[in-house]
Amino acid sequence: MASQLHKTLFCATLLLLLLLLPRVPLVKASLGSQGSALLHWKATLRSRQSLRSWNLNSSPCNWTGVTCNPVTGRGRSVITEISLPSMGLAGLLDSLDFSTLGSLLRLNLSYNQLGEVIPPAISTLSMLVSLDLTSNQFTSKIPIEMSSMKDIQFLSLSQNQMVGAIPPSLSNLTGLVYLDLDNNKFVGAIPKELGRLHELMYLDLGANSLFGSIPFGLGNLTKLYHLGLYQNQLTGVIPRELENLVNLIYLSVANNNLTGGVLSSFGNLTKLQSFVLWRNKLSGPIPFEIGNLVEVTDLDFSENLLTSSIPSSIGNMTKLRELSVFNNQLSGLLPMEINNIIGLTYLQLGNNNFVGHVPPNVCKGGTLKHLSLHTNNFQGLISTTLKNCTGLVRVRLEHNQFTGDVSQYLGVYPHLSYMDLSFNRLSGTLSPDWAKWHNLTLFRISNNNITGVIPTEFGQLTKLRELDLSSNDLQGEIPNSFGSLTLLYNLSLSNNQLVGHVPLEIGMLSNLELLDLSSNNLAGRIPDQLGDCMKLRSLMLNNNNFSGTIPLAIGNLVVLQDTFDVSHNSLTGEIPSQLSKLVMLQSLNLSHNSLSGHLPSSLTYMTSLSTVDVSYNELDGPVPDSPAFRRAPAEWFAHNIDLCGVVRGLPPCVSPGTPTRIASMVVITIIASVVFFLLLFISIAAALRFHKRKKPPVPVDNNHVKEGAFCILNFVGRDVYKGIIEATEDFDAKYCIGSGAYGSVYRAELASGELLAVKKIHLPDTEGTCDEQPFQTEIQALTQIRHRNIVKLYGFYSSPRRKFLVYEYMERGSLGSVLRSEIAAELDWVKRLSIVKDVARALFYMHHDCTPPIVHRDITSNNILLDSEFKACVSDFGIARLLKPDSSNWTMLAGTRGYLAP
Ligand SMILES: *[C@@H]1O[C@H](CO)[C@@H](O)[C@H](O)[C@H]1NC(C)=O
Ligand SMILES: *[C@@H]1O[C@H](CO)[C@@H](O)[C@H](O)[C@H]1NC(C)=O
Ligand SMILES: *[C@@H]1O[C@H](CO)[C@@H](O)[C@H](O)[C@H]1NC(C)=O
Ligand SMILES: *[C@@H]1O[C@H](CO)[C@@H](O)[C@H](O)[C@H]1NC(C)=O
Ligand SMILES: *[C@@H]1O[C@H](CO)[C@@H](O)[C@H](O)[C@H]1NC(C)=O
Ligand SMILES: *[C@@H]1O[C@H](CO)[C@@H](O)[C@H](O)[C@H]1NC(C)=O
Ligand SMILES: *[C@@H]1O[C@H](CO)[C@@H](O)[C@H](O)[C@H]1NC(C)=O
Ligand SMILES: *[C@@H]1O[C@H](CO)[C@@H](O)[C@H](O)[C@H]1NC(C)=O
């Protein structure tokens, strides 16, 4: 922010200077020709409402953003400045005839949507002193011709998508004062020639993809006050020569891969206000000389490999607002001198090896907002400083050895949104006052020694998303008021001494995804209302005293996928078959209860299960036969009354009289005969139907057809095969409208006027080896699929010599080809959105409404076809698989669902 302010100030000053410059534009072009060049450009813009004043009725000097100046001694004016920032202009810059605008001194087109190439002709503006193209959509390289703009002082191309290297020839612009190329896609090294731009005061190359080292020549740019090299892939050390840049106010090399140390000589840069080195590989200590930098407000050395302790000289940096050194290997005590810094807003020391106490005055100025001390070895009271620190927003103190009574030392923090006190040695009780932390979204205090009850007032923390009070010594009941924490997604109260029932209000926590109440002394029934927490992914109720049955409503928790654990309770009754609806569940633990009866056979539908434990119950009967159970270890089922079956180690199930195997064979025989008769019946019915139409689908007079199977739905009775061959002149190349890996597509206009797309399959060389039958059956299945957004497959022809598929004809061809053609301009956002919706509908249909579900496996713009109205249809699904029968799944979903691609 400071740098933004500087930038603005700087620009203003520069502009003022430039305005005062006594320049005599030496121009041949007249105002009239300049005006018509601008109007011509305006006409090419896609969006130009803001240029309404640009018209032939008024002088260009009166147009929005245009400034003229008289040509000395000539009695006429010329355009010297065009300034159109944030005018909503969209289009290209190429069509502006720069040759007429040689009088231009300043050109500002920043914050528009002008795009693509920066025209090389721009270099004809040889008098230009200021060019600002910030935040447009330029994607070109910097035109090499620009290195001839000798007078230019201000050049900003930042926030575009420019590519290529930064041309070394830029160093020919020796008058350059301001060069801003940040947030582009420049690659390559920083040209060392930039070190020749001695007038440079502002240089920002941040957020590109520059690599190599920082050239030491930059140390010659002694007028620099801003140097931004952040967020590139720079390596090597920060060159010592930078110590010469004594005018620097802002220095950022953050987020590179720089090595070496923080040099003591940087203590010479006494004007620095922002010193930003985060996320590099800098090692060694923070030099004592850092204390010389008394103007610094933002010091961010976090995410490096810095060692040793923070020097006491830091106490002289009294203007610090941010001190961030988290994620380093710093150690030792914090210097007491930190107490001199009273305006800190960010103090981030997390994840180091600091020991000792936190200086008592870190919040003396009352400005502290972010305090993170986590994962160190701090000890003692956190307290004294924080009680009055009402501005706190984010506090991370977890993983230290803080002690003390939390209820005494924490205050009222109306802005607090994040508070993590877990893994310390805190004692005391949870204070009802904390219910005034109205903005709190996360509160963790697990693994401490907190006692007492959970204040019912906590129900007022309605913005809470995560509440973790686990592993303390909390007593009493879970307050009913928790029902109002409707945003909560993670609630962990495990490992305390909570008693009583689970409040029925828990059902109101409709956003709850993780619930852990394990290892308490909770009793009573598991409430049915848990079945209303439809987003639950993990449910842990184990190690309590729950009694009664497992509620049937648990079956509603269809997204439960990690764990369902009710082990070590006193549950009775049968295992409800509704559990089988938890098809995503991976871990099911019902062990150590008194459950009785059979294991429901429907458990075999829980296809994602990877661990199951029903041991130590009173179950009997067969273990359901599923691949998962067949591989299961016997321990999962041990210590029951009489479980038997497929699990190795359990006794086989023997029903009295007939051995199971024979019984099942009898069943199979019965089913088989029923199916047989059913099929027979269907075929007779079908035959009768065909007979009624008296129009056999197979044109018997055709030789080709005789040798192959032919089936064209909706065209029954016509000689379609012959028609297709005639229409395409036996698949002549001139009818080919596209080809892919598996075949070529031909346009066939039948004599009747019907348009068809015919895909002729490339046959493999090993002719005749592939089995015809699966191909035909599966294709026939595909012809049954009917959806408005799926290309209709009318049928197929198949013989060992030739195979083709007959599709609905889509006028506009594939989305891919449309996007590459001129029609792309017609595809506005409304049409694009509607195409996306069409594709989504088709996929939804294939995934959810087809049995078995169909996985396309190759959705690309080439497989999405458009009709004349731009309605999108998905094509070619399943075909890839059909043509390579042994190539992989085209079946029911199986396996662990959480890990399947969507
Ligand atoms: C600019 O417009 C004003 C009125 O708005 C008019 O008086 C003046 O003559 C115009 N100047 C030129 C150079 O057209
Ligand atoms: C610009 O500088 C390069 C060296 O970086 C030099 O070779 C070239 O001749 C110069 N071009 C112009 C147009 O001055
Ligand atoms: C930097 O300046 C020194 C002395 O002023 C000179 O010797 C050196 O060549 C310069 N380096 C660059 C890259 O301009
Ligand atoms: C730094 O280097 C590591 C590998 O050494 C690489 O993964 C990472 O992307 C690099 N970071 C940057 C900002 O270039
Ligand atoms: C920078 O500081 C070092 C000591 O840290 C000193 O020796 C050196 O002369 C200083 N350089 C300049 C240019 O002031
Ligand atoms: C802090 O500054 C004072 C005076 O400016 C100086 O005397 C003292 O040595 C400095 N202390 C440190 C630790 O740099
Ligand atoms: C907190 O602030 C109040 C008034 O603002 C003051 O009286 C009290 O001493 C402060 N307490 C601490 C511990 O700083
Ligand atoms: C609460 O948090 C929201 C979002 O984090 C923020 O916009 C709002 O200003 C905060 N309210 C208070 C009182 O701090």
Side-chain angles (χ1 to χ4, degrees), residues 465-468 470 478 482-483 485-494 502-520 522 525-544 546 548-569 571 573-593 595 599-614 617 624 626 628-629 632 636 847-848 892-902:
R465 293 175 172 276
E466 177 165 349
L467 178 61
D468 187 351
S470 63
I478 302 174
F482 270 23
L485 305 180
T486 50
L487 295 180
L488 212 54
Y489 92 92
N490 183 352
L491 174 60
S492 179
L493 306 177
S494 69
V502 175
L504 306 186
E505 287 80 358
I506 198 128
M508 294 158 74
L509 306 184
S510 54
N511 284 301
L512 204 58
E513 296 185 22
L514 311 169
L515 176 61
D516 189 352
L517 304 179
S518 63
S519 301
N520 280 291
L522 298 168
R525 282 179 49 84
I526 297 174
D528 288 339
Q529 283 75 0
L530 269 181
D532 298 339
C533 304
M534 297 283 283
K535 290 190 181 168
L536 271 179
R537 286 189 288 125
S538 170
L539 177 55
M540 314 258 286
L541 304 174
N542 49 294
N543 298 77
N544 280 292
F546 289 116
T549 55
I550 300 175
L552 308 187
I554 295 293
N556 297 346
L557 305 177
V558 289
V559 298
L560 204 59
Q561 53 182 295
D562 300 335
T563 306
F564 176 51
D565 192 342
V566 292
S567 64
H568 295 271
N569 279 295
L571 299 173
E574 300 204 353
I575 299 175
S577 62
Q578 281 79 355
L579 274 193
S580 63
K581 287 195 263 171
L582 310 181
V583 290
M584 291 180 168
L585 192 66
Q586 293 173 35
S587 169
L588 172 66
N589 194 343
L590 309 177
S591 70
H592 296 270
N593 280 292
L595 300 167
L599 284 170
S601 60
S602 58
L603 288 188
T604 55
Y605 296 130
M606 301 177 72
T607 47
S608 299
L609 276 183
S610 58
T611 63
V612 177
D613 194 345
V614 296
N617 277 295
S626 79
F629 288 149
W636 292 1
H847 293 178
H848 299 282
M892 286 283 288
L893 284 177
T896 312
R897 302 222 172 186
Y899 297 102
L900 281 178

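Atom set for the values below is all heavy atoms of this structure, side chains included, hydrogens, waters and symmetry mates excluded.
- Among Leu588, Asn617, Asn589, Leu541, the one residue that satisfies the side-chain contact (heavy atoms from CB on, under 4.5 Å) test with Ser567 is Asn589.
- Side-chain contact between Met606 and Leu582 is present, with at least one heavy-atom pair separated by less than 4.5 Å.
- Leu603 and Ser580 make their closest contact through N-CB, 4.1 Å (heavy atoms, listed as atom of the first residue, atom of the second, distance).
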For this session: Walk me through it: do Glu513 and Arg537 pass the test salt bridge (charged side-chain N to carboxylate O under 4.0 Å, His left out)?
Result: CA-CA 5 Å; Glu513 296 185 22; Arg537 286 189 288 125; 2.8 Å; yes
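- Atom NE2 of His568 is separated from atom CG of Asn543 by 5.5 Å, given to the nearest 0.5 angstrom.
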Exercise. Yes or no on side chain to side chain contact (heavy atoms under 4.5 Å, CB included) for Asn556 and Met534, after CA distance, side-chain angles and deciding distance?
Worked result: CA-CA 7 Å; Asn556 297 346; Met534 297 283 283; 4.0 Å; yes
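- The minimum heavy-atom distance between Ser519 and Asn544, with the atom names listed, is N-ND2, 3.9 Å.
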For this session: Go through the steps for Leu522 and Ile478 under the test side chain to side chain contact (heavy atoms under 4.5 Å, CB included), then give the verdict.
Result: CA-CA 9 Å; Leu522 298 168; Ile478 302 174; 4.1 Å; yes
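- Of the possible donor and acceptor atoms, none in the side chain of Asp532 sits under 3.5 Å from a partner among the backbone N and O of Leu530.
- Of all non-hydrogen atoms in Ser577 and Ser602, the two that sit nearest each other are O-OG, 3.3 Å.
- When all heavy atoms are compared, the tightest approach of Glu466 to Tyr489 is OE1-OH, 3.8 Å.
- Atoms OG and CG, on Ser494 and Asn520 in that order, are 7.0 Å from each other to the nearest 0.5 Å.
- Counting only heavy atoms from C-beta outward, the side chains of Leu509 and Leu515 never approach each other to under 4.5 Å.
- Contact check for Gln578 versus Ile554: no side-chain heavy atoms found under the 4.5 Å cut-off.
- In this structure, Val566 and Asn569 approach most closely via the heavy-atom pair O-ND2, 2.9 Å.
- The nearest pair of heavy atoms linking Leu539 to Leu557 is CD2-CD1, 4.0 Å.
- Annotation: the span from Asn511 atom CG to Thr486 atom OG1 amounts to 7.0 Å, rounded to 0.5 Å.
- Between the side chains of Thr611 and Ser587, at least one donor N or O lies within less than 3.5 Å of an accepting N or O.
- A heavy-atom distance below 4.5 Å is found between the side chains of Leu467 and Phe482.
- Atom OG of Ser492 and atom CG of Asp468 lie 4.5 Å apart (nearest 0.5 Å).
- Exactly one of Leu571, Val612, Asp613, Leu579 qualifies for a side-chain contact (heavy atoms from CB on, under 4.5 Å) with Leu590. That residue is Leu579.
- Between the CD atom of Glu574 and the CG atom of Leu599 there is a distance of 10.0 Å, given to the nearest 0.5 Å.
- The closest side-chain heavy-atom distance from Ile550 to Asn593 is not below 4.5 Å.
- In this structure, the separation between CZ on Phe629 and CG on Leu609 is 6.0 Å, given to the nearest 0.5 Å.
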